[in-house]
Each structure stands twice: as structure tokens, then as C-alpha cells.
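Bear in mind the structure is a predicted one, so any value in this text is a computation, not a measurement. Below, read A as the first sequence line, B as the second, and so on, with proteins coming before strands; counting in each chain starts at 1.
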There are 2 protein chains.
Amino acid sequence: MPARRTPAMTDRPLRADARRNYDRLVAEAQVAFAEHGADTLLDDIARRAGLGVGTLYRHFPTREALLGAVVQEWTASVRTEAEMLTAQPDAAHALATWLRSLVRHMGVYRGLVAAMAASMEDSASALHPSCQVIADAGELLVTHARRQGAIREDVSAAEVLQMVTGLVWVCEQQPSADLSRLLRLALDSLRPPPHRG
Amino acid sequence: MPARRTPAMTDRPLRADARRNYDRLVAEAQVAFAEHGADTLLDDIARRAGLGVGTLYRHFPTREALLGAVVQEWTASVRTEAEMLTAQPDAAHALATWLRSLVRHMGVYRGLVAAMAASMEDSASALHPSCQVIADAGELLVTHARRQGAIREDVSAAEVLQMVTGLVWVCEQQPSADLSRLLRLALDSLRPPPHRG
DNA sequence: ACCTGAACACCGTTCAAGT
DNA sequence: ACCTGAACACCGTTCAAGT
């Protein structure tokens, strides 16, 4: 059987035309977000998909719901990547690699980090599940690093993600800010104190 | 002579009633921002000051202009604090102290960090001058620290402020995030490498 | 010279009518 | 069962009329 593309978040059955409209909306949203950021007019997305605004709202009652659908693919892939990196012998390197990958994904749409940061602890948000996937993945690698003593013991996975989220966001605000440099700094702060060996 | 309160940013002469209105607007903005964040309806601010919206726009053509006026006092004080801390023998401690103070000020109004982050490198913004004051103050203390070898050589003042700005912002987004813990982490990342001595 | 507030523009959201 | 798009609500900004 052929692989289904962009599966719906809720897998309740949809009428054929509704399913097609759903997919079109996600596809157009992806393009529009990439072009104009996560705050693009929802009206435009509907129009570009050749549909009425009402249809968009029916499928995605909030902007976060639409973002969630658009983001679903890469959050899953980033989660898988984390699982694979767990096998890496050098856990500090694994974490660094994963964070660099995460950061690249969170930067594709301007405004996406902001949306994800806001949804991270808001379980009512339709973006929350995607955030949870990221949080779990982070937990995986931080735990892995902690077991190896490759990271300070007093730092939680949540804190690591908070730092990184903050850095991605500032870099979005300030053109001259250099994300890879800031990320390197942040990673340095995670090192275990040298005194204990 | 009595000390003048809340001096206007531009010191061009104003008619007595205009000056009074200006001051009222700043005072009400301060209250409204503290209550509802930096995105409060400008309409409300005008109404609370007992003035028409047009008057607000006349004095403050953009929201940033109003924020700039509201923020002016503490940015100046934070700058003075930096100058005084330059006399501190322990430059790392001085920087840490200043950053903690800065962070406290940037957190008073929800949404203020976001506005300042956006204006930091946007010289067209009416908030830019206030940001520049902060940037200069930071430069002062980072240079001081660098002279003492109390900070890694490859970190700029701009980067320090970027990190800290990002942290304040995430903490505003996520209730469970602990700013003082994250700040401590960030400060650790600034330490010079132990190998050189 | 400055103030007022109605008018305008913009955009997110809903809902009655249609298929 | 789903779609459409006009209608509504909201809020930032302008500007003609007034003092």
C-alpha cells in the first residue's frame, strides 16, 4: 500500500471533499507560513487554497490548530532522531546534535517559536501535543546525558529547552544575533563542573 | 529649585496644557502597562487619562514612543548602576549583579522584553534610544570583566544581552520557568575556560 | 497650537443560507 | 455533512471640526 501523506491529526473519517480541503489548507498554510511567518492572515490561506474562510475555521478552529497540523511531520521526525541519538556513545554530543536540529526546525517559520513557547505549558492549546513531543524527546537525551555524567546534575530537560527556545526567539528578533554562537554558549553552560571529574 | 518629574524625551517647549496631558498619558500608561501588559489598548490609556485618542497619537505616534517615555527613568538608572558597578573589584560579580537588576526591570511589564528586543537593532523605533542606553551599559561591564579576565574573551556584550533577553522572554511565556535559575546557568556559560588560569 | 471623537481601515470569527 | 462569504466585532489610526 502507498504511504499516506500528511495524515490528519484526528483520524476520524472525513468525506472525500472535506479530506481534500483539509490537505489543501495544510499545504497552503505551509507555503504561506514560510513566506509571511506564522502570523499570516488566515483569510489569505483560505483564498490560496480556493476555499471560504469558514472551511478553514471548521477544520482548524484556532491558528494553533493549523500550526499543529503543519508542524506535525517534523516534530515526529525530531522525536525519532532523539530516539536514535540515544544509541550514541557520546551523550553530550548527541544532545548538542539534537538541539541544533531542533533549532533549525523551529526557525523555519518566523513566529513559530513564539507560538510553541506559548503552547508549551498551555494544555488547552492545539499546539500543545506537538510541544509535548519535543519535550519528551528532550527528556530522553538529557536523561541519557545525565546517566553518563555528561551534563550538570542540577539542570532539567525543561530548562534546556527553555534556554534554547529563548535563544531561537532573540535571534528571530535581532538580525545580527548569531544562533549557532549563542547555542554553543548555552551548551557550555550545561557542562558538569570540572572539579568532580 | 524643585526636581522636575518625568521630563519629556524631546525637550521642545510645550504649551502648559499639552505638557500636563503628556505627563498624564505617561502616568496612565505606566499603570495600564503594569496591569494589562505592554499591549494594552491605547484607547483605554487615553480614556483613563481623560483625553481623546488623537491627543495620545499626537504625543506618541507609535506604541514604542509611549513605551520609550515610560521606560526612560529606569533605563537611565540602570545605566548609572552600571557605571557605579564598574568600580567593583570583582567584575564577574558586578556583571551578575547588573544583569539581575536589568532582568527585574525588563520583567515589570509583560510584553516589554519583546518590544525592547525588537527595537534593539531597529534604529527607526522610538524605543531604540532606550535600548541603546542598556546596550552601552552592558558594554561597560563586559569590558570591565574582560579586562580582569573574568569572562571568556570570545563573548561580546551584545551576546550577553541577547542571551538574557531570550531568557526573560521565555520566562514570560512559561509560568513554570525559573528566571533566576536560568540566569545563573547563563552566567556560568560566560566563565573563562579553567585551563588558562 | 492643541484637543476631540467620529469615521475609516483592517482583520479575526461567526453564522444563516446553500449544496 | 460540509461549504460559502457576507456580516459582525474589535481595535489601531486618521482627520475634519472645534477651542
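- Here the C1' atom of nucleotide D:dA1 and the CZ atom of A:R20 are 14 Å apart, to the nearest Å.
- Each of D:dT14, C:dC11, C:dT4 was ranked by its minimum atom distance to the side chain of B:T55; first place goes to C:dT4.
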(message) For Watson-Crick and G-U wobble pairs within 3.5 Å on both distances, what is DNA chain D written in dot-bracket notation, | included for inter-strand pairing?
(response) ||.|||||...|||||.||
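- Put simply, CZ on A:F60 is 14 Å from P on C:dT13, counting in whole angstrom units.
- Protein atom CG of B:L51 is 10 Å distant from nucleotide atom C1' of C:dT4, rounded to whole Å.
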(request) Please lay out, stage by stage, how B:D43 and B:R47 fare under the test salt bridge (Lys or Arg N to Asp or Glu O under 4.0 Å). (result) CA-CA 6 Å; B:D43 217 43; B:R47 198 179 309 113; 3.0 Å; yes
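- Distances from the side chain of B:Y57 to the nucleotides D:dC3, C:dC3, D:dT13 place D:dT13 closest.
- Rounded to whole Å, the distance from CD on B:E64 to C1' on D:dG12 is 13 Å.
- With C:dC3, D:dC2, D:dT13 as the candidates, the nucleotide lying closest to the side chain of A:R58 is D:dC2.
- Contact annotation: A:N21 reaches the phosphate of D:dC3 (side-chain N/O to OP1 or OP2, under 4.0 Å).
- Using a cutoff of 4.0 Å between basic side-chain nitrogens and carboxylate oxygens, B:R181 and A:E159 are scored as salt-bridged.
- In this structure, B:R47 places its CZ atom 11 Å from P of D:dG12, rounding to the nearest Å.
- Inter-residue side-chain proximity for A:L185 and B:R152 is flagged as met; some heavy-atom pair is nearer than 4.5 Å.
- The nearest whole Å value for the distance from the CZ atom in A:R24 to the P atom in D:dC3 is 11 Å.
- Nearest to the side-chain atoms of B:L42 among the listed nucleotides D:dT13, C:dT14, D:dC3 stands D:dT13.
- Side-chain contact between B:L67 and B:F60 is absent, with no heavy-atom pair separated by less than 4.5 Å.
- What separates CG of B:L56 from C1' of D:dT13 is a distance of 11 Å, to the nearest Å.
- Comparing A:G54 and A:D43 by the nucleotide of DNA chain C whose heavy atom lies nearest to each, the residue mapping closer to the 5' end is A:D43.
- Side chain to side chain, B:S101 and B:E81 meet the donor-acceptor criterion of an N or O pair below 3.5 Å.
- Proximity of B:H59 to the phosphate of C:dC3: a side-chain N or O atom is located under 4.0 Å from OP1 or OP2.
- When the side chains of ILVMFWY residues are joined at heavy-atom separations under 4.5 Å, either directly or via intervening members, B:L25 and B:V31 end up in two distinct hydrophobic clusters.
- Rounded to a whole Å, the CZ atom of B:R63 is 8 Å from the P atom of D:dT13.
- Listed candidates were C:dT13, D:dC3, C:dT4. Nearest to the side chain of A:V53 is C:dT13.
- Side-chain contact of B:S119 with B:S125: a donor-acceptor pair under 3.5 Å is present, judged by distance alone.
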